[in-house]
2 protein chains.
Amino acid sequence: MKKATLFTALFVGTALSNLPQVGMGTVVKSPGGNIEMAFYVDQQGRPTYEMSYKGRPVVLSSHLGLELAKDKHASMGMNEHDLIDGFTIADEVTTTFDETWKPVWGETATIRNHYVEYAVTLLQRWEDKRRPADPTLEGLVVTPHERTIVVRFRVYDDGIGFRYEFPQQRDLNYFLIREERSEFSMTGDHTAWWIPGDYDTQEPTIRQTRLSEIRGNMRKAVNWNNSSVAVFSETGVQTSLQMKTDDGLYVNIHEAACINYATMHLELVDEQTKSLSTKLEGSSNVYTPNPLPSPYPLPKPYTFVSHLTPDATGLKGCMQTPCQTPWRTVMVSDDARDMLSSNLILNLNEPCAIDDTSWIHPTKYCGVWWEMIVGKSSWNYTDEYPSVYIDKVDWAHVKPNGRHGANNEKVRRYIDFAADNGLDQVLVEGWNIGWEDWANLWKRDVFDFTTPYPDFDLKALNDYAHQRGVKLMMHHETSSSAQNYERHLEEAYDLMNRYGYDAVKSGYVGDIIPRGDHHFSQSMNDHYLYCIKEAARHHVMVNAHEAVRPTGLCRTWPNLVGNESARGNEYEAFEGSRPDHTVVLPFTRLQGGPMDYTPGILETQLSTWSDNHHFVHTTLVGQLALYVTLYSPLQMAADLPENYVKFMDAFQFIRDVACDWDDSRYLEAEPADYITVARKAKGTDNWFVGGKCDENGHLTTLKLDFLDPGRKYVATIYADAKDAHYETNPKAYTITRKTVKANQTLKLQQAPGGGFAISLMAQ
Amino acid sequence: MKKATLFTALFVGTALSNLPQVGMGTVVKSPGGNIEMAFYVDQQGRPTYEMSYKGRPVVLSSHLGLELAKDKHASMGMNEHDLIDGFTIADEVTTTFDETWKPVWGETATIRNHYVEYAVTLLQRWEDKRRPADPTLEGLVVTPHERTIVVRFRVYDDGIGFRYEFPQQRDLNYFLIREERSEFSMTGDHTAWWIPGDYDTQEPTIRQTRLSEIRGNMRKAVNWNNSSVAVFSETGVQTSLQMKTDDGLYVNIHEAACINYATMHLELVDEQTKSLSTKLEGSSNVYTPNPLPSPYPLPKPYTFVSHLTPDATGLKGCMQTPCQTPWRTVMVSDDARDMLSSNLILNLNEPCAIDDTSWIHPTKYCGVWWEMIVGKSSWNYTDEYPSVYIDKVDWAHVKPNGRHGANNEKVRRYIDFAADNGLDQVLVEGWNIGWEDWANLWKRDVFDFTTPYPDFDLKALNDYAHQRGVKLMMHHETSSSAQNYERHLEEAYDLMNRYGYDAVKSGYVGDIIPRGDHHFSQSMNDHYLYCIKEAARHHVMVNAHEAVRPTGLCRTWPNLVGNESARGNEYEAFEGSRPDHTVVLPFTRLQGGPMDYTPGILETQLSTWSDNHHFVHTTLVGQLALYVTLYSPLQMAADLPENYVKFMDAFQFIRDVACDWDDSRYLEAEPADYITVARKAKGTDNWFVGGKCDENGHLTTLKLDFLDPGRKYVATIYADAKDAHYETNPKAYTITRKTVKANQTLKLQQAPGGGFAISLMAQ
């Protein structure tokens, strides 16, 4: 396929009339032929690609490149010449790859990685003209430069990935990125499910609008209550971005393997765009200087342009060759279910880097957490001081506030509950000193991660848990004081090893310290990975909240068992989430890796046991369905034991459901409407089926043809009652048990905001 | 002395005519009566102080206060109301303190700390007026606020110190400092010895000008070749700032105990000042936003205003009460020698925080260093790659460049040299991987501080050194990648403990990583102290180069045995230093603590053994004198062993000279002209005398009346030869030995750029 000269129907309606001459580029087809990707260099020498699906354009001609920053150290060999234009093609290599690999945990037992790879080496020559150092000389000193970069494409049947690679060479050794300018030119005014592009938070409500409506909806899309709002543009959005075209194509843009690089946002060029990256007024990213306007022409409307998260100085990345960017991904299908079953993001990551993974295991857990979120008890132990220095307080003698959640008596009850109900671990938040003044006060030394409050007996509670066959789960809230966390990391993990913890939930609430940095910058992305690697050294699994949205790194580092990185179930205790929220997440946030959504709030009316008057925007059964529809190897039973006691028949599903799978079949899917999936529990013949829908309800006709033919299964069906409704009657459910076989079909009516959950036990 | 009502001649010519009423303030006299300090609150409620020496005004009426920053977290309890005006005096307490303490090492065996302390509690009341949250309500909601701060003065016979203290209270819990506005209003157009106020470098040549000439000399005072130039103003200077008035008073402004706070610079208000902190054009502190102009009126000309080093966002400090600022110090005398013998800075620091100091010891050392500075050999091992990832290079198989200094054979020779000549340690720079591309490339993971180059046998060399009775001295160049250093710190110190190192020279060349931060910011000052404390835990002595200028912290942490933090002897290999440089340093840089100046370059003509055509701007004997005139418990014999071999008779002084003292007598001193000091070696009756002068030469009449009367001493006198001259004949010296007694006088002619050195061995 090397140097193909056929530019086919793929280019109809695109800018290909500008193609300088036939032969300066290549068309690459995916293994099964669904996807065609064309790459060429345009008349300005700008690298350009296009993409189609089954002959229908998906990405119109789009430029690739990076603007480099000027730096005071240019004389040290810091390269400043933009990697934007003036390129010619020096070499092209096309290869095919096909392998099947086994994830340590996942939705399926094996994953096929099958693609056609196209690596194009681009040559850039330019001259620096400078006045001679000797002022008596006239004319200019001309210095010729030459360098190469590689753009590597991988073309799958369900999408493409591409990345920039920077070989080590004289004229490209160190460089600073001012901005990456990767374009994704859409074919029209698609429907999109998006959240505002923000350097520090990923937790706003997902919006569904046309691309042309993003600008008009940006201000109300921002969660202004969030402590950290850093929105860079009126049309900036985050990835993974799910779209749907008017003619029924599902298109998703994200990234894979974001390592030693800033997280990418997308800035939409629309009809009103005058220049890129105009900061949203009122956004509080006051510390980062606005980027300079790009000197290059704006692409045409409906084009997304990459926008990287800056560091404290406004720059986007410090690079040393040889190096590469993360993969930029475009997934596409005419069937929404393919968006959910795709493994493209995982496949673009490197294989597992941990030799012995025996200590990594899927985990079901409960925890002392929801009662603090709801406001019934507190993380902190005392209210005696307006602020504390943790090393100066006499913790044994401070006045307890009487509301501290993480106390010995309560934790023992949770341990008993976990042990009695087959849960593996008990998370305890607020166990360690420092919660008195932990957030948003630019306080660096906020926690030490090793000292428990006086009413939390670290040794006795771990001993008791281990006696009862469960483990405690560690909690490290960092308050985004990354500097402080790194200083204590080794001791903190050592303590975990000493007492028998093997998993940690970490948190990054508030503004990053060192000041001026952002949650998704190159340095913070490095911090998160540093913690994951150090944790692996200690055989510790990590579940990082408020950390960067994942990009499939769990393939390489499977001890990264979870992230939050989106609006989780906790928001039901604040302002609530829309009923369709959880039937968007698998299309967007979950593309990069599992989410610790913390489902299982069966007592949906918080006022029944607290002063919190909010309610969960699903039915009770809807909460059960999430254990199947929101894939994660880490699943919390998030409600209080005393609430589960009220619904023990329904809770049985949470006890039974697996969190690791040999197979997964997405049976129905439409973004923001419904998702139905059947999964086969790892190493068994048992299946679990979950269906979840939006506020409109949904009737599912469930064909059981995924079952082993000829085998009988005992089905326990957890369904919304006929009159169930997430607002008016959320806790109305039915549980039906019957024996079923593969040739049967079940009709399941999901209530508004409801769902269903089925366990199918092979006999 | 409480609430004294006498405002004496001290106030003549000052703003005291505005004093609201008699009684609102206090005059405090030093124990011996030399110094008078007056404090009062002016009509705007601004805290104000004045100071006189023997009845002569030194500081005219000067305001004190801090501007606080607005922050997005104001609602979390972040205080924003400036601490500038609206104060009344709530309480005044005056006490006297007198103690004598023993430093772990120092210029004298004991130090007297004798002062009168005046602590004034200032009350500030104000109201916030805001529109009511309910929009149907009219009018304003008025919230009254009240808070107190304490200004604590310590009045010594040779100067004053004052600091701000912030008690914990509802209306002052957390706050951000926009700028400290401590004023030092000078009485006239004094002569000053200054370097440009800079956030990142302390190594320019010291300038001597009138205050009114600072602005006109700023551009040429900046060392534009330095990789990090961040000059904040046309009239900004660093402390310690030495001045001399036209009527013969010596005045010095500095700070003491700079902990958890940004380093203070001074910005001079002169006749041309329109507003404070106008960045010097061309200064490369491009990353820090310019501070907003102060809303308060400018003080009158010849007033210095404090200017703190910013963080990456331009702010100056994140504070949590209870807390305090460093001490701001004003030293004064009519005798320049008192500037050098003063212990005011040390006395204002807290007592030693290390229980067992037995492992801390003064140290004389040589090292593999000067030959790299001069350019004869290299820190790096290979030139094979334009850049390296230290963990990816196969170091055992890279191609050596043949110029690597820190090789086994050479280090053994240095060990032998040290052992043969009574030197305690051998510094080896360039022993560890990463020097290939170590500076100014925004490379975070530049060193690991534990992996030697293949030609440096860590174990064998340490074993050999220990056999020979000396130790190796560790070297940690951080390249200012503080983040990387902290990640490796524990392992690095562990390695030192394992192999028997007990001292480390650390370095901070280049721009700070995390990007945007500065060498002297609050967070970097914390970093340096963090390293010192962690080192103490490992029984490691620290000598930090390019780190913040010291402020007497070595009293509290005596394992901080040295700093560079100024233009060291190494500049003689670059562009040279002026001959008067070393007779200014004791008045300025050395006020805060000892300097690792690295004297002893006896082969002053570098071209005799290298391709470097620079020369040392002292005579050979001048280099010897520095061991006495530049006090330090850490003294390097910086030249190469093969150069010392050429001058073994002169080298004998370096062998003999002590570096810890029971007594020190400053016999002659004039800034930038000459310094003569006699010191008694610790635990002996031997004395060493050093005299150093500027480019004009100096005749010293040395009365030996400091010697024990009736005792005989063998004096070895190292003197410039008659025709010696630092430029034309630097290596011409005489060595005379004779027996002397206390009643004798020696005439010693110092050559231009020369000096003398005498050892006096008690018989």
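Per chain, numbering begins at 1; letters A, B, ... match sequence-line order.
- With sequence neighbours excluded, the residues forming a side chain to side chain contact (heavy atoms under 4.5 Å, CB included) with B:Ser523 are B:Asp517, B:Ser521, listed by chain and number.
- No side-chain donor from either of A:His476 and A:Tyr493 sits under 3.5 Å from a side-chain acceptor of the other.
- B:Gln320 touches chain A through backbone and side chain together, each having a heavy atom under 4.5 Å away.
- For chain A, the nearby part of B:Tyr530 is the side chain; its heavy atoms alone come within less than 4.5 Å.
- With chain B as the partner, the residue from A:Arg487, A:Gln168, A:Gln483, A:Lys443 showing the most heavy-atom pairs under 4.5 Å is A:Arg487.
- Residues B:His527 and B:Glu486 have side chains that bring a donor and an acceptor to within less than 3.5 angstrom of each other.
- For chain A, the nearby parts of B:Pro386 are the backbone and the side chain; heavy atoms of each come within less than 4.5 Å.
- Contacts of A:Ile177 classified as side chain to side chain contact (heavy atoms under 4.5 Å, CB included), with partners at least two apart in sequence or in another chain: A:Leu66, A:Phe175, A:Tyr261, A:Leu308, A:Lys316, A:Met319.
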